[in-house]
A.B. asks: 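Pasting in a structure now, in structure tokens, and then I'll have a few things to ask.
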Amino acid sequence: MNPFIQLGIRHDIVNAISELGFENPTPIQEQSIPVLLTGSNDFVGLAQTGTGKTAAFGLPLLELLDFDENYPQALVLCPTRELCLQITSDIKNYAKNMNNVHVVAVYGGASISDQLRQIKRGVQIVVATPGRMLDIINRKAIDFSQVKFVVLDEADEMLNMGFQEDIDSILSTTPDEKKTWLFSATMPAEVRRIAKKYMEDPYELTMGTKNTGNANIDHEYYVVRARDKYAAFKRIVDFNPEIFGIVFCRTKIETQEIAEALIKDGYNADSLHGDLSQQQRDKVMKRYRERSLQLLIATDVAARGIDVNDVTHVINYSLPDEIENYTHRSGRTARAGKTGVSIAIINSKELGKIRQIERVIGKKFVKAEIPSGFDVCEKQLFALVHKVHNVQVNEQQIEQYIPRIMDEFADLSKEEVIKRFASLEFNRFLDYYKNAPDLNATFEERAGREGASGDRFNRTGMRSEFTRLFINLGSVDDFNRGDLLGYVCNNTHISGRTVGKIDVKGVYSFFEVANDDVNKVVDGFKNIEFHGRPVRIEIAGEGVSENRGGARREGGYKKREGGSFRGGERREGGYKGNNSGGGFRDFSGKRREDRPERRRRY
Ligand code: AMP
């Protein structure tokens with residue numbers, strides 16, 4: 001039996017949602033539908049966006065309302081126009097096979113007369129943003145006296161946006177005996193207060209731990225110098241050829257600047273922020289939804305309620321002012337059971353903020369390394385190979401050219417042809433990236449913030465790097481590389497396998513050890529003497545002038561030559577935005593005067 005039928009949903013609705021691809025209920029649907037179907041409970045559901053909340057309350061509403069009557073019986077309040085339209089269209093889709101179901105979307109920035117007309121014609125479910133709803137109530141154009149259910153969707157977002165008073169006024173026009181269903185991704189004290197104020201002994205459902213992020217999201221951070229931020233960001237994008245991402249900035253100006261720089265550099269990007277007209281916003285969102293855009297650069301406010309599936313990456317180009325906003329941002333990926341990555345590009349001063357976010361989301365970030373130019377080339381090459389392998393061949397169209405193409409390649413073997421096709425792209429990438437610098441903040445730049453043995457992880461989460469150490473012994477002391485390796489291992493009891501490159505100079509040498517072993521080596525050489533001279537070990541870069549910053553990948557792209565690259569248009573580090581520092585300029589541990597007190601700051 002269809003699991004939705006088992007939950008108590010009728011056949012004509014189940015048929016409609018089957019067409020939408022709903023085969024099994026999501027966890028929140030499984031747990032909330034039976035409770036809500038009783039129609040006798042207030043309800044608080046703590047769940048992230050993208051978990052299937054809309055059907056969790058939408059399906060029970062369709063079961064519980066009387067569609068032979070044409071007056072408002074359910075009111076769904078949500079924070080944004082986008083979400084309002086989404087919920088309306090979702091409910092209409094679920095109700096596709098039912099008769100006389102009238103759902104109206106009420107939101108600002110669109111003609112009020114159309115909405116009034118629809119209300120007048122008769123409606124059972126009103127989905128609304130608070131501002132416009134109140135406007136319509138004040139015009140006495142709607143009667144909520146027979147409302148049975150009120151849904152507060154994304155309650156935390158609504159409060160964040162300052163809708164508390166509007167919600168109060170709206171709810172005061174609904175009957176006391178109605179049931180209230182509240183959904184929220186986070187549960188700050190204000191949402192608790194709302195729940196207490198409007199609900200009686202609500203049934204509470206928490207999907208996952210309170211305030212935690214979606215378990216399907218991996219969180220990564222990259223530490224870069226402020227001046228390298230844009231270049232580093234592009235590197236990350238280039239390293240993810242299939243990226244379909246939302247990039248968050250703190251201000252409208254930054255959003256606009258980053259989008260413009262990206263477009264200039266040949267990326268498929270556009271911006272979404274509050275200075276755009278509604279039409280412009282709709283246009284951008286349409287392009288993004290249709291995937292004509294690969295990167296959407298947005299402010300927090302503009303991106304609220306964005307419900308686009310299959311977002312692969314959320315990139316925090318700048319961390320949000322309020323920690324809670326990080327949850328909202330990252331919740332734009334990993335929707336409907338998918339996985340996603342939320343990336344923060346930070347400078348070393350912002351590590352404290354990462355730790356605070358970790359505490360709020362209850363999940364650790366992985367420190368990732370900005371990929372080298374060569375890593376990017378390799379990744380792009382295989383993405384291309386994969387694409388070539390899977391491309392849909394239009395037999396009819398291509399057929400007429402095949403003989404000439406075959407002719408052209410007649411003197412080449414299959415291997416040669418493949419090599420040439422692949423080189424066409426690979427050379428271009430190599431050319432573009434051949435002088436690409438390491439964009440990771442050096443060990444020295446991070447030190448002091450993270451301690452000397454801060455692990456460095458590559459993208460797969462594996463320990464990937466070594467730390468370069470200085471020792472005051474060299475060839476004048478009759479050491480060659482083998483001698484030095486033996487000397488280090490004997491004194492420190494580390495395995496030779498964890499020692500990397502050894503560089504023996506005259507009176508000193510450098511050698512690399514795995515980050516995990518740095519302390520062992522430093523401790524192991526404490527009080528050790530060599531022919532009466534104390535042996536000195538230092539982390540290269542800390543008072544040592546040569547080759548700071550730990551191991552670098554040798555060889556690779558630097559040694560290779562390439563041709564031209566389509567990304568030749570893509571300039572590295574070209575952007576000089578006013579805000580490239582990306583810091584929290586107003587952060588001081590104090591609250592800014594112009595913000596509501598309740599927001600949680602770092
Ligand atoms: P929501 O949290 O309601 O915004 O839902 C997120 C996405 O998951 C939407 O695109 C829904 O269409 C989809 N979805 C919701 N429930 C299911 C389900 N049971 N099976 C498959 N997809 C679902």
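Every number for a ligand or one of its atoms is a count from 1 in the order of the listing.
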A.B. asks: Counting only N and O atoms by type, is there a donor-acceptor contact under 3.5 Å from the side chain of Lys379 to the main-chain atoms of Phe239?
C.D. replies: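 Between the backbone of Phe239 and the side chain of Lys379 there is a qualifying donor-acceptor contact (under 3.5 Å).
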A.B. asks: With no hydrogens and no angle check, is any side-chain donor or acceptor of Arg10 less than 3.5 Å from a backbone partner on Leu62?
C.D. replies: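 At least one qualifying donor-acceptor pair exists.
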A.B. asks: I'd like to know if the side chain of Gln124 reaches the main chain of Asn100, judged simply by a donor and an acceptor atom lying under 3.5 Å from each other, with no hydrogens or angles considered.
C.D. replies: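 Yes, because the side chain of Gln124 sits within donor-acceptor range (under 3.5 Å) of the backbone of Asn100.
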A.B. asks: Could a heavy atom of Thr51 be found less than 4.0 Å from some atom of ligand 1?
C.D. replies: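 Yes, Thr51 has heavy atoms under 4.0 Å from ligand 1.
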A.B. asks: As an exercise, identify every atom of ligand 1 less than 4.0 angstrom from a heavy atom of Thr26.
C.D. replies: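 Counting from 1, the qualifying ligand atoms are 16 (N), 17 (C), 18 (C), 19 (N).
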A.B. asks: With a distance cut-off below 6.0 Å to the six-membered ring centre and an angular limit of 45° from the axis, does Lys179 pair with Phe43 as a cation-pi contact?
C.D. replies: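 Not satisfied by the 6.0 Å and 45° rule.
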A.B. asks: Provide the number and element of each atom of ligand 1 under 4.0 Å from a heavy atom of Phe4.
C.D. replies: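 Listed by number with element: 19 (N).
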A.B. asks: For ligand 1, is any non-hydrogen atom under 4.0 Å from Gln29's backbone (N, CA, C, O), its side chain (CB onward), both, or neither?
C.D. replies: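 It is the side chain that touches ligand 1; the backbone stays farther off.
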A.B. asks: Answer yes or no: does an N/O atom from Glu23 fall short of 3.5 Å to an N/O atom of ligand 1?
C.D. replies: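 So ligand 1 has no N or O lying under 3.5 Å from an N or O of Glu23.
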A.B. asks: Do ligand 1 and Asp90 have nitrogen or oxygen atoms that lie under 3.5 Å from each other?
C.D. replies: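 No - when backbone and side-chain N and O of Asp90 are compared with those of ligand 1, no distance drops under 3.5 Å.
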A.B. asks: Any idea which atoms of ligand 1 are less than 4.0 Å away from a heavy-atom of Asn24?
C.D. replies: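 Heavy-atom distances to Asn24 below 4.0 Å select 18 (C), 19 (N), 20 (N).
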A.B. asks: Quick check on contacts: which atoms of ligand 1 are under 4.0 angstrom from a heavy atom of Lys53?
C.D. replies: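 Here the atoms of ligand 1 in question are 1 (P), 2 (O), 3 (O).
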A.B. asks: May I ask you to check whether Phe22 has an N/O atom sitting below 3.5 Å from an N/O atom of ligand 1?
C.D. replies: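 Among all N and O atoms of Phe22, none is under 3.5 Å from an N or O of ligand 1.
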A.B. asks: What orientation do His219 and Tyr326 show, parallel under 30°, tilted 30 to 60°, or perpendicular over 60°?
C.D. replies: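 Geometry flag for Tyr326 against His219: tilted rings.
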A.B. asks: Relative to the heavy atoms of Thr54, which atoms of ligand 1 are at a distance of less than 4.0 Å?
C.D. replies: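 Counting atoms of ligand 1 from 1, those under 4.0 Å from Thr54 are 1 (P), 3 (O), 4 (O).
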A.B. asks: If only atom types and distance count, is the side chain of His273 paired as donor or acceptor with the main-chain N or O of Asp275 below 3.5 Å?
C.D. replies: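 Here the side-chain-to-backbone pair exists.
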A.B. asks: Provide the full list of salt bridge (charged side-chain N to carboxylate O under 4.0 Å, His left out) pairs with a residue in residues 110-132, sequence neighbours left out, each pair given once.
C.D. replies: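 Counting only pairs at least two positions apart or across chains, the salt bridge (charged side-chain N to carboxylate O under 4.0 Å, His left out) contacts touching residues 110-132 are Asp114-Arg117.
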